[in-house]
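Note that ligands are numbered from 1 as they come in the structure, with each ligand's atoms numbered from 1 the same way.
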Amino acid sequence: MRRNIIQAVCVMGALLLLFAVCISACTGKRYRVDYRDEAEYVIGVSQANMREAWRLALIQEIEEEAAKYQNIRIITTDATADVEKQKQDVEKLLQFGIDLLIISPCDTSKLTEKVEEVYQGGTPVIVMDRGVEGFEYSLFIGPDNDMIGRQAGETVMELLNGKAGTVLKLCGNIHSIQSQERIQGFDSIVEKEPRITLRAQYMDTELKDTAYDVVTAMDGTLEEIDVIFASSDYVAQGAYEALEDMGMEKSIKIVGSEGFTGEGESVDMVLQGKIAATISCPTGGKEAIQYAMNILKQENGVPKQVILRSHIITKENASEYLAGQETEIVDNGQTITVGYSQVGQESQWRAANTYSIQEAAKEFNIQLLFDDANQSQERQIAAIRRFIQEQVDVIVVSPVIETGWDEVLKEARAAGIPVVMSDRKVTTKEKDLTTIYIGADFLEEGRRAMRWICDNIVPEGKTLNILELKGNKGASPTEERGKGFAEVLEECPGYQIVYSEYGNFTYEEGREIIDVYIQEHAWDIDIIYSHNDDMALGAIEALEAHGISPGTDVKIVSVDATKDAFRAMVEGKLNCAVECNPLLGAPLMKAIRDMVAGKEMPVRIITEEKVYDQSVAEELMNQRMY
Ligand code: AHR
């Protein structure tokens, strides 16, 4: 009797739900099926497919993290690797009235438009893993697959120990962007060694049985193979079982990737000596829920991209890696001492950056030892050595230039003090000398500047001459803004850079460069591209002094998007400002507290940035926070 009642209730419930969804489908309205119960937020999760172990692990991590919150409910859909179905899944989730969408796209380009539509429609979107084109989403969280490939390549090189050898790339899901990036990263390392012969077996899926069959079918040609690079966990398992059945498991080493920690999965296989190593590929499910809550509560400091860290797991560190996975992160709230080496005071951007860091330190209970290097690398190195002597908990550096840091960073590592890169990056000969990078995507900023020019300043029958005002030589923003701009310039006929000079990000030098140019040349410049606002504003002063009308006689595009840049756009003297967000204090201090509490740090956290022009300048100027 009781069972019948329960069955009847279930049937009624299902009919109600079906009825509700039908209403929504007919009226096209978003219908909040009243299954929220106590849930304050409903998060829709659109997964590309549920057949790949990594994707199942992502869903499991999302659900485990969500279970820690009383006020959220998760609805998950499985697109079964079908693009059209994933688009329909997203529509259904919207009709359920979700508050935020988490999506791991089947296909980067084919899902871009749908993600843009949802984001622009006002529903926050967290994109995971494969990403989409452009930046029309709230946040991207994913691994650096190129790095995973490079780490696998480095591991293979170590296994060959400088000897000649033959390596088989056994890669599944071959048409996916993550496999392509892993292969690209792998090749970039292994191809440097001419004595290594590369062979490849690419598969459409990454099922264990497919890998097993492919390796088994290679019997008779496997003798020459020394190492197999398997692009995922299941591929590694299939390859191992095939070799074992052919009695070859001892003669061919395997390097896997994904680093699942379940029984019989790759970390277990490493511990059992079945495979030589695996490269972890974190899913980001936990971070997705944590950031989703920040977004839903409209908290500050949510970045644009979080790129997760991967590890080379071998028999030597596998147990430690597993233990680390279980570590409970506890922030005891104690004061953390941070030594901060700042570049200097060269620009308004820098002033806003310094203020943001100093204010956030107070908010996050960080004792800040702050040194302003006034553009001197020597002074920054001295400051870092002082911080080491004072045994600070964490060192943060915004480096004036990219190179020349190896020695002092090794000293910090020897002292057991983690170093965080803020705003700008360093390039070191040795790996792992710094932890996380928090800042902008300077390359993309350069691209955006030229894309705006290409879209808005049309050559009419003549090639337009560009004068470039560059930051200080060797600084990552200078090099990357120049490179990104040049990349898009190549795609846009009708423009040429005719003059390019270092202005060191300062107002005075921006003005001086224009003065000198005018003295030495008949004025023939159509566009000025300035790596920051201060140089652009100095250039504007010089142009006006010479009777040239900035913004009309010559178009000006700048990077930073400070309030003065907005003012210049309102006055018609600047045409476009590409944003570079200096307000790094909150995400930086939050990351430091998480790191000291034992949380694994992403490789890099990239800030949210937009492009502004005169069409929006007046409306937004007073909202600018710097
Ligand atoms: O590193 C960021 C750059 O440094 C900013 O674009 C510039 O204004 C600052 O001087």
Side-chain angles (χ1 to χ4, degrees), residues 303-304 340-357 372-377 379-380 396-403 405 420-427 434 437-449 468-485 501-511 513 528-540 556-568 574 576-585 587-588 604-612 624-626:
K304 194 67 178 178
Y340 193 108
S341 171
Q342 179 62 296
V343 178
Q345 305 168 39
E346 75 284 0
S347 61
Q348 297 176 63
W349 186 100
R350 187 65 55 197
N353 177 246
T354 293
Y355 181 76
S356 162
I357 283 147
D372 173 339
N374 193 23
Q375 311 298 318
S376 157
Q377 180 178 35
R379 176 156 179 175
Q380 287 199 281
V396 182
V397 185
S398 176
V400 62
I401 58 172
E402 267 192 86
T403 54
W405 303 93
V420 171
M421 303 316 294
S422 168
D423 162 37
R424 296 182 181 178
K425 302 172 200 164
V426 294
T427 302
T434 63
Y437 166 73
I438 297 182
D441 181 343
F442 297 131
L443 209 55
E444 181 58 26
E445 290 169 351
R447 296 187 190 114
R448 287 175 178 171
E468 182 182 21
L469 299 171
K470 297 190 286 188
N472 60 291
K473 186 176 173 60
S476 51
T478 306
E479 304 311 317
E480 293 183 20
R481 283 172 189 162
K483 188 177 171 196
F485 188 89
E501 187 53 80
Y502 293 106
N504 296 317
F505 292 121
T506 67
Y507 182 100
E508 294 72 23
E509 292 179 80
R511 185 186 58 209
I513 288 170
I528 292 175
Y529 165 47
S530 177
H531 287 192
N532 86 326
D533 294 343
D534 298 70
M535 295 188 293
L537 296 167
I540 286 170
I556 306 177
V557 176
S558 175
V559 184
D560 279 350
T562 56
K563 187 169 256 185
D564 280 354
F566 273 74
R567 191 167 293 112
L574 179 72
C576 169
V578 175
E579 188 173 36
C580 175
N581 188 341
L583 307 181
L584 302 177
L588 172 66
R604 54 186 179 276
I605 291 181
I606 304 296
T607 45
E608 161 100 51
E609 302 180 333
K610 297 188 186 303
V611 180
Y612 302 98
R624 298 303 291 167
M625 293 168 65
Y626 62 93

Look at K425 together with E480 and state whether they make a salt bridge at an N to O cut-off of under 4.0 Å. yes
R447/E444 ion pair, N-O < 4.0 Å: yes
Between the side chains of D441 and K304, is the shortest nitrogen-to-carboxylate-oxygen separation below 4.0 Å, so that they form an ion pair? no
Of the choices N353, D423, D560, which has the non-hydrogen atom that lies closest to atom 6 (O) of ligand 1? D560
Shortest protein heavy-atom distance from atom 3 (C) of ligand 1, along with the residue and atom involved: R424 NH2, 3.8 Å
Here the atoms of ligand 1 under 4.0 Å from any heavy atom belonging to S347 are 7 (C), 8 (O), 9 (C), 10 (O)
Any atoms of ligand 1 less than 4.0 Å from a non-hydrogen atom of P477? List them with their elements. 1 (O)
At under 4.0 Å between heavy atoms, which part of E480 makes contact with ligand 1: side chain, backbone, both or neither? neither
Shortest non-hydrogen pair, S422 vs I357, comes out as OG-CD1, 4.4 Å
Give the atom numbers and elements of ligand 1 that come within less than 4.0 Å of a heavy atom of R481. 5 (C), 6 (O)
Classify the angle between the aromatic ring planes of Y437 and F442 as parallel (below 30°), tilted (30 to 60°) or perpendicular (above 60°). perpendicular
Polar contacts were defined as any N/O atom of the residue lying under 3.5 Å from an N/O atom of the ligand; does this apply to E346 and ligand 1? yes
Are any of the side-chain nitrogens in E608 or K610 under 4.0 Å away from the carboxylate oxygens of its partner? yes
